[in-house]
Amino acid sequence: MPMVNLKKIKKNLRTKDAFRSRILDVVRGIPKGAVLTYKEVARLAGNEKAARAVGAVLRRNYNSEIPCHRVIKTDGTFGGYNRGIENKAAILKKEGYRATVNSL
DNA sequence: ATGCTGACGCTGG
DNA sequence: CCCAGCGCCAGCA
């Protein structure tokens, strides 16, 4: 049973891997009825300039525990969705989202 | 290592 | 209002 390699863990914190998990963490925390923009998620994940990368990560994520349908564009449009853009719109409507949660 | 691509964002025209 | 041009970053060939 090897003990945890702190060095490696620490290094991971500033790696793309970490960035990715932070994104997922953030998205996982979006409450029902609310939505965040890609930019917001990027900021909460540590890099405001990485909005585009956020999309890239979410696009490749298929974990149903992650409500990636609650992430939309800054201009208010939906953006894309793995399981069908229509589905995304439908779900959001059903959840009755109001505005973006900038205060997180 | 290098070059494209894309669920983005902002500035102009 | 619509669109092209740039900048940005991670993912992948």
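So you know, we letter chains A, B, ... as the sequences are listed, proteins then strands, and number each from 1.
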Take the protein atom [atom1] of [X] and the nucleotide atom [atom2] of [N], then report the distance between them rounded to whole Å.
| X | N | atom1 | atom2 | value |
| --- | --- | --- | --- | --- |
| A:D17 | C:dA10 | CG | P | 12 Å |
| A:E40 | B:dA7 | CD | C1' | 17 Å |
| A:N61 | B:dA7 | CG | P | 15 Å |
| A:I85 | B:dG6 | CD1 | P | 16 Å |
| A:K49 | C:dC6 | NZ | C1' | 13 Å |
| A:I23 | B:dA7 | CD1 | C1' | 12 Å |
| A:R70 | B:dA7 | CZ | C1' | 17 Å |
| A:R43 | C:dC9 | CZ | C1' | 18 Å |

Check: A:G80 main-chain N/O paired with A:K88 side-chain donor or acceptor under 3.5 Å: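 Yes; at least one donor-acceptor contact below 3.5 Å.
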Base of B:dG6 paired with side chain of A:R52 (donor-acceptor, under 3.5 Å):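 Looking at the base of B:dG6, it does pair with a donor or acceptor on the side chain of A:R52 (distance under 3.5 Å).
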Side chain of [X] - closest among [options]:
| X | options | result |
| --- | --- | --- |
| A:K88 | B:dA7, B:dC8, C:dA10 | B:dA7 |
| A:Y38 | C:dG7, B:dG9, C:dG11 | B:dG9 |
| A:T37 | B:dA7, B:dG9, C:dG11 | B:dG9 |
| A:A51 | B:dG9, C:dG11, C:dC9 | B:dG9 |
| A:Y81 | C:dG11, B:dA7, B:dG9 | B:dA7 |

Are [X] and [Y] side-chain neighbours, meaning at least one heavy-atom pair lies under 4.5 Å?
| X | Y | result |
| --- | --- | --- |
| A:Y38 | A:K73 | yes |
| A:V27 | A:V54 | no |
| A:R83 | A:S64 | yes |

Identify whether any heavy atom of A:D75 sits under 4.0 Å from a base atom; if not, whether one sits that close to sugar-phosphate; answer base, sugar-phosphate or nothing.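 Since no nucleic acid heavy atom lies under 4.0 Å of A:D75, the category is nothing.
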Any side-chain N or O of [X] less than 4.0 Å from the OP1 or OP2 oxygen of [N]?
| X | N | answer |
| --- | --- | --- |
| A:K73 | B:dC8 | yes |
| A:R60 | C:dA10 | no |
| A:T74 | B:dG9 | yes |
| A:R59 | B:dC8 | no |

Which nucleotide, in any strand shown, forms a Watson-Crick or G-U wobble pair with C:dC9, with both distances under 3.5 Å?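 Paired with B:dG6.
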Complement of C:dA4, any strand, by Watson-Crick or G-U distances under 3.5 angstrom: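 Here C:dA4 is engaged in a pair, and the nucleotide opposite it is B:dT11.
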Write down the atom of A:I23, the atom of A:A45, and the distance for their closest heavy-atom approach.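 Closest pair (atom of A:I23, atom of A:A45, distance): CG1-CB, 3.8 Å.
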About how many Å separate CG of A:N87 and CG of A:N82, when rounded to the nearest 0.5 Å?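 Between atom CG of A:N82 and atom CG of A:N87 there are 11.0 Å.
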